[in-house]
Amino acid sequence: MKPLVTVERHGDVAVIIIDNPPVNALSIPLRRALLAAVQAVAADHGVHAAVIACAGRTFVAGADIREFDLPPPEVTTGTVNAAIEAAGKPFVAALHGTALGGGFELALACHARIMAPDARVGLPESRIGLIPGAGGTQRAPRLAGAIAALDLVTSGRHVPADEALKLGLVDEIATDLRRVAMERARELAARGTPPRARDRAVPDIAAAEARAAFDAAVAAATRRARGALAPVAAAAAVGWAIDLPFDEGLERERLASLALRSGPQCRALRYLFHAERVAARMPPGEGHDARPWPVRACGVVGGGTMGAGIALALADAGLEVTLVEASAEAARAAESRICLVYERQVKSGRLTEEVLETRMGRIRFTTDLGALADVALVIEAVVEQLDVKLDVFRRLSAIVRRDCVLASNTSYLDINLLADVVDAPERVLGLHFFSPAHVMKLLEIVRGGRTVPEALATALALARRIGKLAVIAGVGEGFIGNRIFSRWRQQCDFLLEDGAYPQEIDAALEAHGFAMGPYAVADLAGLDIGWATRKRLAPKRDKRARDVPIADWICELGRFGQKTGAGYYRHTNGRREVDPVVTALVERASAARGIVRRAVPAAELIERVHAAMVNEAAKILGEGIAQRPSDIDVVLVHGYGYPAWRGGPMHEADGVGVAAMLRRIEAIHAGNGVGWEPAPLLREMVNAGRSFADLNG
Ligand code: COA
C-alpha cells in the first residue's frame with residue numbers, strides 16, 4: 001500500500017505530500033501520519049520551512065465523512081493545526097482542486113496559502129449539518145473579516161481563487177504551485193518568526209456600525225437557515241472570534257461541532273450527501289458499465305421559459321447550443337429571454353461582460369430544425385401537449401443522426417409514446433428539468449422502455465457536466481417528483497375543505513422548513529398548467545375519489561397566480577395578501593360537501609402531508625419507477641423544497657417507523673376513501689420488519 005503521507009526534501013524546505021484518493025479526505029490514519037510528519041519536520045534542524053501539498057486531483061476536501069459515527073478521535077485536525085502553529089518555522093499550503101472543510105482549516109493554520117488559479121476553497125460543513133471544528137470559524141474572520149467569514153461558513157459556498165485572494169483567505173495565486181510555495185516558504189523562513197492567523201485581530205469590527213452590520217448579517221443568516229441548526233451555530237462561532245480570546249473561541253467551536261456531529265440533522269444531511277452520489281450512478285445490473293456517447297453540441301427545441309433555461313444551463317457549462325423556435329419572432333423572444341438572465345447576472349456582479357459575450361456566443365437561434373443534423377443530443381421543450389411533442393419527435397427523427405440522443409423535457413407525458421414515432425427509439429429518454437432550469441439542481445432522467453444503457457450513460461454524464469443532480473426515473477404519470485407532489489397537494493386541498501386556509505397551510509409548511517408553502521408556489525408557477533392537466537386526466541379519474549373543486553373555481557375566475565395579480569392570494573406590489581374571495585371559495589367548498597369546518601392543528605397538517613408523500617412514494621417504489629427510497633429524498637429535497645436537514649420524507653419515515661407510518665396512511669384512507677389505499681409495499685415491509693434504509697441497500 002502507498003503511504004498516506006510522504007516527505008520530500010528540497011534543500012532546507014520539506015514538502016509534505018498527502019496521498020489519500022479520491023479526495024485526500026482527512027481520515028484517522030491520515031491525521032496520525034500527517035501529525036507525525038509535521039512533528040518530524042518541526043524537530044529537524046536541517047529543515048527551515050515546509051510546504052503541505054496533495055497528490056491527485058485535489059487538496060484535502062475535508063474530514064472523512066465515513067468516520068463521523070465513530071467516537072471523537074485522539075488525533076484531530078485541530079491537533080495537527082496546533083503542531084503546525086507551534087513548529088516555529090513556516091508552513092505554506094499549496095492548494096489545488098477543492099480545499100474544503102478540514103482541508104481548508106489545515107491550510108488556514110499554515111503561515112501562508114498559495115492557490116492554483118482554478119482551485120476553490122470553502123468551509124461547507126454546514127451543508128452536512130456541522131460547523132468547522134478545527135479553527136475555521138476562528139481563523140477565517142481574522143484573515144477575511146467577520147462578514148466575509150460569516151458568508152463562507154453559513155452558505156458553505158466554494159470560493160474561486162481570485163475572490164479568495166481578494167478576501168485575504170489566500171496570499172497568492174500561482175500556476176507553478178509547488179515551486180512558488182517552496183519559494184515563499186523559504187522567504188518566510190528568512191524573515192524570522194512567521195505570521196500566524198491566530199495572532200491577528202478580526203479586522204474592521206471595532207466600530208459600532210461594523211458590529212451592527214455583522215449582527216444584522218447573523219440575523220439574516222438565521223432566517224435563511226429555516227430550522228437548520230448548523231448555519232446558526234456557525235454564525236455564533238464567528239461571533240466568538242470577535243468576542244473571545246483565540247483559544248477560548250477554538251474550544252467552544254470544537255464542542256459545538258462535536259454536539260452537532262452526533263445530532264439528527266447531521267445524520268440526515270450526511271445521508272443525503274451519500275444519496276445524491278448513489279442516485280447519479282448507472283443502475284446496477286446489465287449495462288451498468290456502458291460508456292456515454294460524446295456530447296459537444298446540443299439542440300434545444302422550444303425557447304419558452306423551460307427551453308431558454310435549458311439552453312442557459314448548457315451554455316454555462318461550455319456546450320454549443322442550437323435553439324430552434326417555430327418562428328423568427330419566437331426565436332427573438334427566446335434570445336431576449338436568455339439575454340435578460342445574463343444581463344441580470346452582470347448587473348449583480350456574478351458575471352463579467354466578457355463571459356456574457358462568450359456564453360451568448362455559444363447559443364445559436366434559428367427556425368430551421370435542419371440545423372440539428374449534426375448535434376449529439378436534442379432536448380425538446382415545446383408546450384406540454386402530446387400531439388405537438390409527437391410532431392417534433394417525428395420531424396427530428398428524419399433530421400438528426402441515428403446516434404443522437406432524443407430527450408423530452410416533459411413533466412408528465414409518456415416517453416414511450418414519443419419513442420414510438422422515431423427511428424432508433426432506443427436513444428429516446430426524458431430529461432425533466434425544474435424551473436428555472438439554469439438554477440434548479442435536480443434533473444429527473446426518465447428511462448423509456450427501450451432506452452439503451454449508452455443513452456442513459458450519456459444523460460448521466462451530461463447531468464454531471466452541467467452540474468445537475470441526476471435521479472433516474474421510470475415512465476409513469478409525473479415520474480417521481482410530480483407524481484408525489486400532486487398527491488400531497490391533493491392532501492393539502494382536503495385540508496382546505498376540512499377547515500384550514502391556504503395561508504395556514506403555507507405557514508405550517510414554511511415553519512416546518514419548506515422554502516415556500518404549496519399555495520405560494522402555485523401562485524408563483526401559475527395555476528393554468530395544473531388546470532390543463534386536471535382537464536386532460538378527467539376522463540381517467542375515478543369518479544368515486546374525493547375531489548376538491550377550489551383550484552378549478554379559482555382558475556375559472558381567470559386567476560392564474562402572480563402573473564395575473566391573483567391566485568390563491570392577491571398580489572400587489574410584490575406582496576402576497578390573503579384574499580377574501582379565496583376564503584369564501586374555500587368555505588363554499590366545505591359547505592358543498594357538508595363539512596363542518598374545524599381548526600386543523602399544524603402538527604396534523606404536517607403529518608397528513610408527510611404520510612401522503614410516503615404512501616405515493618411506496619407505490620412508486622413498488623412499481624419500479626424509482627430505484628430506491630433515497631432517490632425519492634433527493635428529488636423532494638432538490639426539486640420541491642423539502643428541508644434538506646430533515647433528510648427527505650423517506651428518511652423521516654424511518655424515524656417515525658414504517659408500522660406507525662402505515663397506521664397514519666390507513667387513517668388517511670379511512671378519511672378520504674378511494675385512491676388513498678396504503679401501498680402494498682408498506683404492508684410487506686411491516687410484515688418483514690424492513691425499513692426504507694434497508695431498501696436502499
Ligand atoms: N469524506 C469521504 N469521502 C468523500 C468526501 C469526504 N469528505 N468527499 C468526497 N468523498 C467521496 C465521495 O463520496 C465520492 O465517493 P464515491 O466515488 O464512492 O461515490 C468520491 O469522494 C468523489 O466525490 P464526488 O463528490 O463524486 O466528486 P466531485 O469531484 O463531484 O466533488 C468534492 C468533489 C470534494 C467537491 C465533493 O465530493 C464534496 O463536496 N465533498 C464534501 C466536502 C465537504 O463537505 N467537506 C467538509 C467535510 S468536514
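We count ligands from 1, going down the list as the structure has it; atoms in each ligand are counted the same way. Keep in mind the model is a prediction, meaning the values are calculated, not measured.
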Enquirer: Using the benzene-type ring in the case of Trp, are the ring centres of Phe434 and Tyr640 under 6.0 Å apart?
Expert: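 Yes, the ring centres sit under 6.0 Å apart.
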Enquirer: Around atom 27 (O) of ligand 1, find the nearest protein heavy atom and jot down its residue, atom name and distance.
Expert: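 The answer is Arg57 NH2, 2.9 Å.
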Enquirer: Name the closest protein heavy atom to atom 39 (O) of ligand 1, giving the residue it belongs to and the distance to 0.1 Å.
Expert: Leu100 CD1, 4.0 Å
Enquirer: Write out the residue and atom name of the closest protein heavy atom to atom 44 (O) of ligand 1, then the distance separating them to 0.1 Å.
Expert: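 Of the protein heavy atoms, Pro124 CG, 3.7 Å lies nearest.
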Enquirer: Please classify the Ile128 to ligand 1 contact at 4.0 Å (heavy-atom distances, strictly less than): side chain, backbone, both or neither.
Expert: side chain
Enquirer: Among all protein non-hydrogen atoms, which one is nearest to atom 13 (O) of ligand 1, and what is the separation to 0.1 Å?
Expert: Arg277 CD, 3.8 Å
Enquirer: Identify which of Ala61, Pro21, Ala63 has a heavy atom lying nearest to atom 6 (C) of ligand 1.
Expert: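 Shortest heavy-atom distance from atom 6 (C) of ligand 1: Ala63.
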Enquirer: Under 4.0 Å from ligand 1, counting heavy atoms only, is it the side chain of His274, its backbone, both or neither?
Expert: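 His274 to ligand 1: no contact under 4.0 Å from either part.
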Enquirer: Closest non-hydrogen protein atom to atom 1 (N) of ligand 1, residue and atom name please, with distance?
Expert: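 Result for atom 1 (N) of ligand 1: Ile65 N, 2.9 Å.
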Enquirer: Hey, is Arg120 touching ligand 1 through its side chain, its backbone, both or neither, going by heavy atoms under 4.0 Å?
Expert: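 Neither; no heavy atom under 4.0 Å.
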Enquirer: Tell me if a side-chain donor or acceptor on Lys441 pairs with a main-chain N or O of Ala470 at a distance below 3.5 Å.
Expert: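 Checked: no pair found.
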Enquirer: Between Asp19 and Val5, is any pair of side-chain heavy atoms under 4.5 Å apart?
Expert: no
Enquirer: What's the shortest distance from atom 19 (O) of ligand 1 to any protein heavy atom, and which residue and atom give it?
Expert: Arg281 NH2, 3.0 Å
Enquirer: Answer yes or no for atom 15 (O) of ligand 1: protein heavy atom present at a distance under 4.0 Å?
Expert: no
Enquirer: Run the ring pair (Phe, Tyr, Trp, His ring centres under 6.0 Å) check on Tyr271 and His651 step by step: do they pass?
Expert: CA-CA 8 Å; Tyr271 156 83; His651 180 77; 4.5 Å; yes
Enquirer: So, does Glu67 use its side chain to make a donor-acceptor pair with the main chain of Ile28 at under 3.5 Å?
Expert: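 Yes, Glu67 side chain to Ile28 backbone: donor-acceptor pair under 3.5 Å.
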Enquirer: Check Asp316 with Arg362, please: is the shortest side-chain N to carboxylate O separation under 4.0 Å?
Expert: no
Enquirer: Of the side chain and backbone of Val23, name the one, both, or neither that has a heavy atom under 4.0 Å from an atom of ligand 1.
Expert: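 For Val23, the contact with ligand 1 is made by the side chain alone.
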Enquirer: Taking all non-hydrogen atoms of both residues into account, name the closest pair between Ala644 and Ala268 and its distance.
Expert: O-CB, 4.5 Å
Enquirer: If the cut-off is 4.0 Å to any non-hydrogen atom of Asp64, which atoms of ligand 1 fall inside it?
Expert: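 Here the atoms of ligand 1 in question are 1 (N), 2 (C).
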Enquirer: Does Asn24 use its side chain to pair, donor to acceptor, with the backbone of Thr58 at less than 3.5 Å?
Expert: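 Side chain of Asn24 to backbone of Thr58, a donor-acceptor pair under 3.5 Å: yes, one is there.
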Enquirer: One pair to check against salt bridge (Lys or Arg N to Asp or Glu O under 4.0 Å): Arg261 and Asp69. What are the steps and the verdict?
Expert: CA-CA 8 Å; Arg261 181 167 133 152; Asp69 287 326; over 6 Å; no
Enquirer: What is the closest protein heavy atom to atom 32 (C) of ligand 1, and at what distance does it sit?
Expert: Thr98 OG1, 4.4 Å
Enquirer: Would you say the side chain of Leu377 lies within less than 4.5 Å of the side chain of Trp293, judging by non-hydrogen atoms?
Expert: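 They are not in contact (no side-chain heavy atoms under 4.5 Å apart), so the answer is no.
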Enquirer: Below 4.0 Å from any atom of ligand 1, is there a heavy atom belonging to Arg127?
Expert: no
Enquirer: Minimum distance, heavy atoms only, to atom 41 (C) of ligand 1: which one of Phe68, Phe59, Phe273 is it?
Expert: Phe273
Enquirer: A side-chain contact here means heavy atoms from C-beta on lying under 4.5 Å apart; do Tyr342 and Leu351 qualify?
Expert: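 Touching, per the 4.5 Å side-chain cut-off.
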Enquirer: Tell me which part of Pro22 gets within contact of ligand 1: side chain, backbone, both or neither, using heavy atoms under 4.0 Å.
Expert: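 Within the 4.0 Å criterion, Pro22 contacts ligand 1 through side-chain atoms alone.
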Enquirer: Which atoms of ligand 1 are found less than 4.0 Å from any heavy atom of Arg464?
Expert: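 Listed by number with element, the hits are 27 (O), 28 (P), 29 (O), 30 (O).
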